[in-house]
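Just so it is clear: chains get the letters A, B, ... in the order the sequence lines come, proteins before strands, and each one is counted from 1.
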Amino acid sequence: QQQVKQSPQSLIVQKGGISIINCAYENTAFDYFPWYQQFPGKGPALLIAIRPDVSEKKEGRFTISFNKSAKQFSLHIMDSQPGDSATYFCAARRDTGTASKLTFGTGTRLQVTL
Amino acid sequence: KAGVTQTPRYLIKTRGQQVTLSCSPISGHRSVSWYQQTPGQGLQFLFEYFSETQRNKGNFPGRFSGRQFSNSRSEMNVSTLELGDSALYLCASSLYRGETEAFFGQGTRLTVV
């Protein structure tokens, strides 16, 4: 059962454009929503994260928008650059107090063209 | 500060064999989690260890096991390897259990032939 749905599967954006990746979740017990960036041959690297009591968080060119009532969150990459070309994963964490784990979306392969 | 170190980086094993993968977390980090990454299933949670105890386990068969040592280093073992076990195995470390920021290693690429 996939608890975090991510779209689109792939995305091509021109340099300078805005890249938008969307995720939706089902479990209201999730309490932390990170985005990871992964380059080929590397492990995922934390990009930016948000908690459900905040509707938006911005770090440089990266912004997370969070809609708790709709159970959706999205990543916006402003002024996209060729170096942003990578696979992006959204994730959601559930911490029960004795155990925690991240549930990942299926990933979005972003290509930024010149 | 050194990052998460996973060894070996690449492994080729034969069906039916067993394999042990190693993960050294960031110095001072006490929580280690393991994930399996495949093109078809994406990133899936295997286990979480904290203070040498398994705190959480994903939906994987009993052939997948792990442990954590007193220095927080962790190993995972897969017995009776199947072709479908071919994947990138990733380890992530956090300062404390439930700590929000998890840092991933580069992974071990396991190929089962």
Does any heavy atom of chain A fall under 4.5 Å from the side chain of [X], the backbone, both, or neither of them?
X: B:R9; answer: side chain
X: B:F47; answer: neither
X: B:L43; answer: both

Report task. Might you work through the side chain to side chain contact (heavy atoms under 4.5 Å, CB included) test for A:H76 and A:F62, ending with a clear yes or no? Result -> CA-CA 6 Å; A:H76 291 61; A:F62 301 92; over 6 Å; no

For a salt bridge (charged side-chain N to carboxylate O under 4.0 Å, His left out) check, start with the C-alpha distance between A:D31 and A:R93, then their side-chain angles and the critical distance, and finish with the verdict. CA-CA 6 Å; A:D31 63 357; A:R93 187 197 71 169; 3.1 Å; yes

Answer key: most heavy-atom pairs under 4.5 Å with chain A among B:Q37, B:K57, B:Q54 is B:Q37

- prompt: Any side-chain donor paired with an acceptor under 3.5 Å for B:T111 and B:S86?
  reply: no

- Task: Evaluate the side-chain proximity of A:L46 to B:F103: yes if any heavy-atom separation is below 4.5 Å, no if none is.
- Result: no

**Item:** Electrostatic pair A:E59:A:K57 at N-O distance under 4.0 angstrom
**Value:**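 Between A:K57 and A:E59 there is a salt bridge, with a charged N closer than 4.0 Å to a carboxylate O.
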
Report task. Find the one option among A:Q38, A:K101, A:K42 whose heavy-atom pairs under 4.5 Å with chain B are most numerous. Result ->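 If we count pairs closer than 4.5 Å to chain B, A:K101 comes out on top.
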
